[in-house]
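Taking it in order: structure first as structure tokens, then the write-up.
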Amino acid sequence: MTKFRIVEVIENSGSADRKGYWIIEQKKLFGWKEIGQNEGPKYESIIHTSYEEAELYLLNNYTGHGVCRKYGSVYTYNPYTYYM
């Protein structure tokens, strides 16, 4: 089972011109880790402009042939296993 969550990040939260964006985090052994793009030594965050866009990205790229359950902003994914 793999757990994901979608989180809103609000920059300049104390000012009137604050801006927000959405990121996806994956549950690891010692907490939540942001999903990003690694290219060599460089790391880039994957930023989404809306919750729906982030949800669609999560479902298309991190879930496959299995069951995904949504509890608020936390998604649990269980892949199907086939034994012969």
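Ring geometry for Tyr57 against His48 counts as tilted: the plane angle lies between 30° and 60°, on a 0 to 90° scale. Between Tyr62 and Phe4, the ring planes are tilted. Angles from 30° to 60° get that label.
For the atom pair CE of Met1 and NZ of Lys27, the computed distance is 10.5 Å after rounding to the nearest 0.5 Å. In this structure, Ile46 CD1 and Ile24 CD1 are separated by 7.0 Å, a value rounded to the nearest 0.5 Å. Rounding to the nearest 0.5 angstrom, the gap separating the CG atom in Leu58 from the CD1 atom in Ile6 is 5.5 Å. Here Leu59 contributes atom CG and Glu55 contributes atom CD; the two are 5.5 Å apart, rounded to the nearest 0.5 Å. The CD1 atom of Ile35 sits 11.5 Å away from atom OG of Ser45, with the distance rounded to the nearest 0.5 Å. Here the OG1 atom belonging to Thr63 is positioned 11.5 Å from the CG atom belonging to Asn78, to the nearest 0.5 angstrom.
In this model, no donor atom of one side chain and acceptor atom of the other lie less than 3.5 Å apart for Thr2 and Gln26.
Remark: Lys19 does not engage Glu11 in a salt bridge, criterion side-chain N to carboxylate O under 4.0 Å.
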Practice task
With side chain to side chain contact (heavy atoms under 4.5 Å, CB included) as the test, would you mind laying out the steps for Lys3 and Tyr77 before giving the verdict?
Solution key: CA-CA 6 Å; Lys3 287 187 178 183; Tyr77 172 66; over 6 Å; no

Side chain to side chain contact (heavy atoms under 4.5 Å, CB included), that's the test. Do Trp22 and Val7 meet it? Break it down for me.
CA-CA 6 Å; Trp22 300 86; Val7 179; 6.0 Å; no

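Closest approach of Glu25 and Arg5 over heavy atoms only: OE1-NE, 2.6 Å.
For CZ of Arg18, the number of neighbouring non-hydrogen atoms (other residues, nucleotides, ligands) closer than 6.0 Å is greater than 12.
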